[in-house]
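Reviewing the structure listed below.
Note: hydrogens, waters and symmetry copies are ignored here, and every other heavy atom, side chains too, is used.
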Amino acid sequence: MKKIIALLMALVVLSTSAFASINISLDGQVLEVPEEMGKPFAQDNRTYVPIRFMLEYFGYDVTYSPAEKQVIGTDANGSMFMMQVGNPLLFFKSADATEINKVTMDVTPIVDYSIGRIYIPASFLIKEMGHGVEYDKETKTVVITTKASMPATPEETVSAFLDAFKKFDMKKAITYLDKVTEDINEGASVLDKNNLSLFIPEEFKGYEEQFGKVLDAVFDKLSESISFEIIDTKIENEKYIFTIKSTVPDAAIDEIFNADTMTDSFVDFLMSGSGDSSITEDMSEEEIMNFIADSIIEFVKNIEIPTTVEDDTLVVYKSNGRWLISLDESTIE
């Protein structure tokens with residue numbers, strides 16, 4: 001598991017936004033948040049949602065105590081949420097639980113006194129409800145996947161996570177993890193195959209299409225090189241422990257995508273020609289770029305990526321009606 005998470009963390013990019021309006025998507029549908037309910041926003045690497053809107057949307061009755069500055073939400077099944085302005089603690093009790101779960105957020109709720117609305121980080125609230133949540137930085141959208149559309153068994157959860165990871169669909173992969181931090185979210189966004197533009201060096205600006213073909217080939221090559229196999233499963237303390245046989249590229253991701261690697265390392269290859277072809281003086285710019293694109297793809301396909309095989313552990317447990325892969329280091333060891 002550490003090796004898998006290390007890949008996510010390898011390309012973490014830190015960014016800070018002062019205040020930016022964002023959207024909310026639920027199972028692929030964008031939610032319309034009424035103006036009077038308070039618009040979700042991003043601030044200081046956090047995504048905030050209006051707590052009353054989100055709780056009511058999921059069927060909770062919401063009350064607010066001005067004296068205690070306390071928000072309480074209850075639903076028909078007996079689930080309960082409670083939080084207090086100025087307090088980083090979030091309390092939640094699911095309908096089938098016997099004890100109240102206490103979560104310490106890394107920030108306190110934000111109050112917009114101009115409209116009388118309270119905001120809370122989306123990840124803490126939605127995760128406690130048992131749903132998947134991620135932030136799509138490119139579209140500025142909080143993406144919520146309800147537990148009804150999540151895998152129904154521990155085995156399906158692990159398989160879905162590993163399949164998404166193998167395809168470099170990192171933003172989907174992290175929806176199966178618990179306690180996803182902003183750093184992991186950022187790392188997943190950077191490493192995601194759908195973010196190819198992040199890898200294009202300055203010298204290739206203007207040739208994005210050709211270089212995009214190159215990166216597609218690189219990702220395809222990496223995807224071919226990665227394999228996962230569940231070789232053992234056991235149950236301890238209501239947790240499923242999967243032993244995974246992982247064949248993962250040893251080469252660091254940032255080295256594979258290093259601009260020097262993607263330029264200098266194939267200069268000789270280009271100039272010596274690919275098959276019976278090479279760059280000649282009578283070629284047009286378009287012919288040169290097409291040749292470069294085709295040659296680089298051929299070059300990448302022939303890269304021998306060293307691999308290592310080791311046993312990783314994935315710990316899966318049930319929380320609020322859905323299965324999650326644990327990131328608790330003490331559990332993984």
Handout entry: Test item: Arg117 side-chain N/O and Glu36 main-chain N/O as donor-acceptor pair under 3.5 Å
Key = yes

Handout entry: Test item: Lys127 and Val103 side chains (from C-beta on) under 4.5 Å apart, heavy atoms
Key = no

Completion exercise
Note: Lys140 and Tyr135 closest approach over all heavy atoms is CA-OH, 3.4 Å

Exercise for the section: Please tell me if the side chains of Ile120 and Leu90 come closer than 4.5 Å, counting only heavy atoms from C-beta onward. Expected result: yes

Practice task
Determine, step by step, whether Asn101 and Glu128 satisfy the side-chain contact (heavy atoms from CB on, under 4.5 Å) criterion, reporting the C-alpha distance in whole Å, the side-chain angles of both residues, the deciding distance to 0.1 Å, and the verdict.
Solution key: CA-CA 9 Å; Asn101 185 36; Glu128 284 304 306; 2.9 Å; yes

Practice task
Verify the cluster assignment for Ile72 and Met83: are they in a single hydrophobic cluster under the rule of side-chain heavy atoms below 4.5 Å apart?
Solution key: no

Problem - Polar side-chain atom of Asp136 near backbone of Val142 as donor-acceptor pair, under 3.5 Å - result: no

Handout entry: Path from Ile325 to Ile231 over hydrophobic side-chain contacts below 4.5 Å
Key = no

Exercise for the section: Could you tell me which non-hydrogen atom of Tyr317 sits nearest to which non-hydrogen atom of Lys239, and how far apart they are? Expected result: CB-CG, 4.0 Å

Practice task
May I ask you to check whether Phe91 and Phe81 place their ring centers less than 6.0 Å from one another?
Solution key: no

Practice task
Please say whether more than 12 non-hydrogen atoms of neighbouring residues, nucleotides or ligands are located less than 6.0 Å from NZ in Lys93.
Solution key: yes

Practice task
May I ask you to test the Ile230-Ile244 pair for a side-chain heavy-atom distance under 4.5 Å?
Solution key: yes

Exercise for the section: Determine whether the aromatic ring centres of Tyr240 and Trp323 lie less than 6.0 Å apart. Expected result: yes

Exercise for the section: Treat each ILVMFWY residue as a node, draw an edge where side-chain heavy atoms are under 4.5 Å apart, and state whether Ile110 and Val107 are in one component. Expected result: yes

Completion exercise
Correct closest heavy-atom pair for Ser123 and Val133 would be CA-CG1, 3.8 Å

Handout entry: Atom pair CD1/OG1 of Ile118 and Thr108 - distance to nearest 0.5 Å
Key = 11.0 Å

Practice task
Quick one: list whatever passes side chain to side chain contact (heavy atoms under 4.5 Å, CB included) with Glu99, sequence neighbours left out.
Solution key: none

Handout entry: Candidate pair Phe92 and Lys102, rule side-chain contact (heavy atoms from CB on, under 4.5 Å), full reasoning
Key = CA-CA 7 Å; Phe92 174 68; Lys102 180 175 69 175; over 6 Å; no

Handout entry: Backbone N/O of Asp75 and side chain of Ser79: donor-acceptor pair under 3.5 Å
Key = no

Problem - Distance in Å, Phe41 CZ paired with Thr47 OG1, rounded so as to fall on 0.5 Å steps - result: 9.5 Å

Practice task
Please step through side-chain contact (heavy atoms from CB on, under 4.5 Å) for the pair Leu314 and Leu162, ending with a clear verdict.
Solution key: CA-CA 10 Å; Leu314 291 178; Leu162 295 176; 4.2 Å; yes

Exercise for the section: Compare all side-chain heavy atoms of Asp27 with those of Ile144 and state whether any distance is below 4.5 angstrom. Expected result: no

Exercise for the section: Calculate, to the nearest 0.5 Å, the distance between atoms CG and CG belonging to Leu125 and Leu55 respectively. Expected result: 5.5 Å

Handout entry: Side chains of Tyr57 and Leu31 in contact at under 4.5 Å (non-hydrogen atoms)
Key = yes

Handout entry: Spacing of Leu89 atom CG and Gln84 atom CD [to the nearest 0.5 Å]
Key = 9.0 Å

Problem - Connected via hydrophobic side-chain network under 4.5 Å: Ile174 and Val316 - result: yes

Problem - Backbone N/O of Ala152 and side chain of Glu156: donor-acceptor pair under 3.5 Å - result: yes

Handout entry: Contacts of Asp112 that satisfy side chain to side chain contact (heavy atoms under 4.5 Å, CB included) - sequence neighbours left out
Key = Ser114, Ile115, Tyr119

Practice task
Would you give the length of the straight line joining atom CZ of Phe161 to atom CZ of Phe242, rounded to the nearest 0.5 angstrom?
Solution key: 13.0 Å

Problem - Min side-chain heavy-atom separation Ile126-Met54 under 4.5 Å - result: yes

Practice task
Please lay out, stage by stage, how Leu26 and Thr146 fare under the test side-chain contact (heavy atoms from CB on, under 4.5 Å).
Solution key: CA-CA 7 Å; Leu26 182 73; Thr146 60; 3.5 Å; yes

Practice task
Flag the pair Ile24 / Val49 as yes when at least one side-chain heavy-atom distance between them is below 4.5 Å, and no otherwise.
Solution key: yes

Problem - Min side-chain heavy-atom separation Pro40-Tyr48 under 4.5 Å - result: no

Practice task
For Lys166 and Ile226, indicate whether the former's side chain and the latter's backbone hold a donor-acceptor pair under 3.5 Å.
Solution key: yes

Problem - Atom pair CD (Glu134) and OG (Ser25), whose distance is rounded to the nearest 0.5 Å - result: 9.0 Å

Problem - Val33 backbone acceptor or donor facing Lys39 side chain under 3.5 Å - result: yes

Handout entry: Heavy-atom pair with the smallest gap, counting every atom of Tyr60 and Met129
Key = CE1-CE, 4.3 Å

Handout entry: Shared hydrophobic cluster, Val62 / Met80 (ILVMFWY, side-chain heavy atoms < 4.5 Å)
Key = no

Handout entry: Test: Arg46 and Asp106 ion pair at under 4.0 Å
Key = yes

Completion exercise
For Pro109 and Gly86 the tightest heavy-atom approach is CD-N, 4.4 Å

